[in-house]
There are 4 protein chains.
Amino acid sequence: MPRNAPPKAQTQVERRQKSEQALLDAAASLIAERGVEQTSLAKIGERAGASRGLPTHHFKSKDALVARLARRSQDRVIEATRNVFEHGEKVRDDIPALDVLRTMLDTYLELFQHPTTEERALIVMWGATFPSEASIDGMLEADQRSYDGLADLIQRGKQDGSIRCDIDARASAVAFFGMMRGVAALVLTESDFQDMHHVRSTCDAWIVGALAPTPTSDGSG
Amino acid sequence: MPRNAPPKAQTQVERRQKSEQALLDAAASLIAERGVEQTSLAKIGERAGASRGLPTHHFKSKDALVARLARRSQDRVIEATRNVFEHGEKVRDDIPALDVLRTMLDTYLELFQHPTTEERALIVMWGATFPSEASIDGMLEADQRSYDGLADLIQRGKQDGSIRCDIDARASAVAFFGMMRGVAALVLTESDFQDMHHVRSTCDAWIVGALAPTPTSDGSG
Amino acid sequence: MPRNAPPKAQTQVERRQKSEQALLDAAASLIAERGVEQTSLAKIGERAGASRGLPTHHFKSKDALVARLARRSQDRVIEATRNVFEHGEKVRDDIPALDVLRTMLDTYLELFQHPTTEERALIVMWGATFPSEASIDGMLEADQRSYDGLADLIQRGKQDGSIRCDIDARASAVAFFGMMRGVAALVLTESDFQDMHHVRSTCDAWIVGALAPTPTSDGSG
Amino acid sequence: MPRNAPPKAQTQVERRQKSEQALLDAAASLIAERGVEQTSLAKIGERAGASRGLPTHHFKSKDALVARLARRSQDRVIEATRNVFEHGEKVRDDIPALDVLRTMLDTYLELFQHPTTEERALIVMWGATFPSEASIDGMLEADQRSYDGLADLIQRGKQDGSIRCDIDARASAVAFFGMMRGVAALVLTESDFQDMHHVRSTCDAWIVGALAPTPTSDGSG
DNA sequence: AATGAATGAGACTTCATTCAT
DNA sequence: AATGAATGAAGTCTCATTCAT
């Protein structure tokens, strides 16, 4: 063996990773149900089918665990919206930016039509960042990245002609992101919105109405 | 009251109400800072300049106190948006519904440009309702009322001609309410949005684009 | 009532002070038995005949409780040595300093012949200050005061003629204090020193030999 | 082992001993800093540059490790004081007992003028034996041996004429040992005793004054 | 020989609530 | 009306120890 690669570490590492995923799954479901503060490390361990002490053992602290979960949840949601476009390894650069935005929002809301425990947990953790002194590490940074990505996307749309030129990219990103999260949270809270289909198409219409070039200009001539 | 009319009966009541308001103020600021769970009754009492036992004495339980605060905060915000229209005791029935919606959203966002402790507390409490099992008494009901009011208003707009006829009133209310709350929360979290002015005008444009009758439709005859 | 003396606070205060003494007594006995670190707040509460939460409720933290105990224990020991001289309110300024020192040490060691729980706790807490990062608030400061008092006393002895002039007061205070504490600790540790009587007279002889003016100078003539 | 004779069999043992010393060094420094109870096996392993599990692997239990360290520390201090006399393999039988005692104490205190981590750890462990139920294996036994040795030495001094005949050997041993340890502990605690030189000469004077034959007795003849 | 994953007991502390004053 | 003493449950985190690798 050229390097000091430990031959048996494989299984050790496997065990650790398996535990970690189980713990994060348990944490996600508990947080979705009761919120961050009401979820104790002991309960996470128990629901994961492990000991009460394991969560601390793995993540050193509750904050670290929640931060880890926040990142994982956001990655998963982002990946889910991305998968709509990239079935193979296709990139989406050739798709009009507005279409990307529309699909993104629609996919997002579709997720929350029958939300898994992890999607709900993501919104719950978002809610936990509202107090001024609270900060879930990784949540805010990832949000910032999402917001930056949206602003870039909108800017690109202004160049590819799918988005009107007279709008403010950054402000529109805030409006878009805010509506996405806000509507998702509302839907989660009031579980009697069974007309989710209407909500989705309405939101889609809002985006088009706000960002698409005015149809009169090209058709009226 | 017939017997031995207490000379300062009013003062007694006054004092009680004064205490109550002080306690709610203290609770609002603490909740805005640290969240609902991290705010203890003892700290509320202390910040209100009273004893540790007073909050329990007045509100019987923490849940009751938070519920009371939730209602007060929502009332205040609603009142703030209403005041724009009713300087005397005027009603707003003669104003086009779309204008009411636009002003409402703009006023709301203006509040969060320099949010007081109470507005932030409201959003924090909203975030606390995201877990499926959590419920802040009075929070969801008031939201439901707000949502119903919005749906009615939109419906009215469809009749007074300020809002397009082909839109779904209830779904649009969700989109409107979601954007309002979502953008407010985003602004609260990322304090570096100093271009709030752009955000407000952008949101206004979104509403107009989504709800206003298409300019071609009224001109085409 | 001239002052705002609360009429019923009396009993409240009494209750608090009673609890406090009981807690400190319990803490002293537990610390004497098992040491500072091995004594838990829960056990203190239980031994005091109270709840597990009371110690924290009273003293806010374990450190504060231990600090409080350290001060009380030192005060009591100092008072015990002082009582030998002041049966009424006599002061000891007229007693030769050397005699004061001798009586002080002898009384101290006598205490440790059949040490109460509190005296042992004092030595245990002294031992807990040995780690460089550990600090029991109040312990070191009180020790410093004791040491300063000893140095002053020795200095006075050099003036009243009971102590030789060629000795260093501060260094002698260290030797005296060190021997006092060290012998006490040794006696505590090795419980089979039943010849405590010899130890006491030996220590007395050491002091006299070290500090008294050489007997040859006055008697040999 | 029959097959593929390990070429570094000796290195195996060496390595083990090297690990052990590294672990004890790490333990000594940690105990000197934070005390016995606050020192965890995991931290010892880490500071020794090894794994968290190594301390347990080597010493089976924390008590065993501490006992091992106590013995090593005492051996080293004893050896240090002994080295002053035996530069080769000379024994000290021909040196007057009082001189041995004086040198012993002076060397001891010199060690604590700039104490290494191990000397401080020794005192810390001594302090950890003060609680009545606590016992660091090997600590008390070694102390007892030291004390016995001192008593024997004093007894010998009474025969070789360097020590007065009318003193009690065992009680004097207690006084000597107590002063030695007590002054050392004091010096460790109050790090501002920079006049250590005076303390050392003062202690020396105390011993001489207490144990040496009175100058009149030998000069009067 | 050595690592580190896992356990479970126990520590300190916070806190809502009850109750005497 | 108001205070604050007291309780006991629960939370996070530390740690010695066991065990699989």
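Per chain, numbering begins at 1; letters A, B, ... match sequence-line order.
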Checklist entry - Does the B/Ser29 side chain pair with the main chain of B/Ala26, one donor and one acceptor, at a distance under 3.5 Å? => result yes
Next on the checklist: Determine whether C/Leu41 and C/His57 satisfy the following criterion, side chain to side chain contact (heavy atoms under 4.5 Å, CB included), listing intermediate values before the conclusion.
Outcome noted: CA-CA 10 Å; C/Leu41 292 170; C/His57 178 65; over 6 Å; no
Next on the checklist: Within residues 125-137 of chain A, which residues have any heavy atom lying less than 4.0 Å from an atom of DNA chain F?
Outcome noted: none
Checklist outcome for this item: Whole-Å distance, B/Leu41 CG to F/dA2 C1', equals 15 Å
Checklist entry - Between D/Lys60 (NZ) and E/dA2 (P), how many Å, whole number? => result 12 Å
Checklist outcome for this item: Those stems involving DNA chain E that have three or more consecutive Watson-Crick or G-U pairs, both distances under 3.5 Å, are E:2-21 with F:2-21
Next on the checklist: Can you measure B/Phe59 atom CZ to E/dT17 atom P for me and round it to whole angstrom units?
Outcome noted: 13 Å
Checklist entry - Do the ring planes of B/Trp126 and A/Trp126 sit parallel (below 30°), tilted (30 to 60°) or perpendicular (above 60°)? => result perpendicular
Item to check | Residue pair D/Leu122 / D/Met139, side-chain heavy-atom distance below 4.5 Å | outcome: yes
Next on the checklist: A quick test of your reading: do over 12 heavy atoms of other residues, nucleotides or ligands sit less than 6.0 Å from CZ of C/Arg52?
Outcome noted: no
Item to check | Nucleotide E/dC15, atom P - distance to CG of B/Leu30 in whole Å | outcome: 11 Å
Checklist entry - If you take all heavy atoms of D/Leu23 and D/Ala48, which pair is closest and at what distance? => result CD2-CB, 3.6 Å
Item to check | CA sep, side-chain torsions, deciding dist, call: A/Glu33, A/Lys43, salt bridge (Lys or Arg N to Asp or Glu O under 4.0 Å) | outcome: CA-CA 12 Å; A/Glu33 288 169 16; A/Lys43 281 187 209 127; over 6 Å; no
Checklist entry - Do B/Ser132 and A/Arg120 meet the criterion of a side-chain donor-acceptor pair at a distance under 3.5 Å? => result no
Item to check | Atom pair distance, as rounded to whole Å: CD in B/Gln38 and C1' in F/dT12 | outcome: 11 Å
Checklist entry - Relative to the 5' end of DNA chain E, which residue comes earlier, B/Glu37 or C/Glu37, by the nucleotide with the nearest heavy atom? => result C/Glu37
Checklist entry - Can you give one letter per nucleotide of nucleotides 4-10 of chain E, 5' to 3': B if a protein heavy atom sits under 4.0 Å from the base, S if only from the sugar-phosphate, - if neither? => result BBBBB--
Item to check | Nearest-Å distance for atom pair CG/P, residues D/Leu65 and F/dC15 | outcome: 15 Å
Checklist entry - Is the closest side-chain heavy-atom distance between D/Gln74 and D/Met125 below 4.5 Å? => result no
Next on the checklist: Taking C/Arg71 first and then C/Glu141, would you say they form a salt bridge - that is, a charged N and a carboxylate O separated by under 4.0 Å?
Outcome noted: no
Checklist entry - Atom NZ of A/Lys62 and atom C1' of F/dT14: how far apart are they, to the nearest Å? => result 18 Å
Checklist outcome for this item: Smallest heavy-atom separation, D/Phe59 atom then D/Ala64 atom, equals O-CB, 3.1 Å
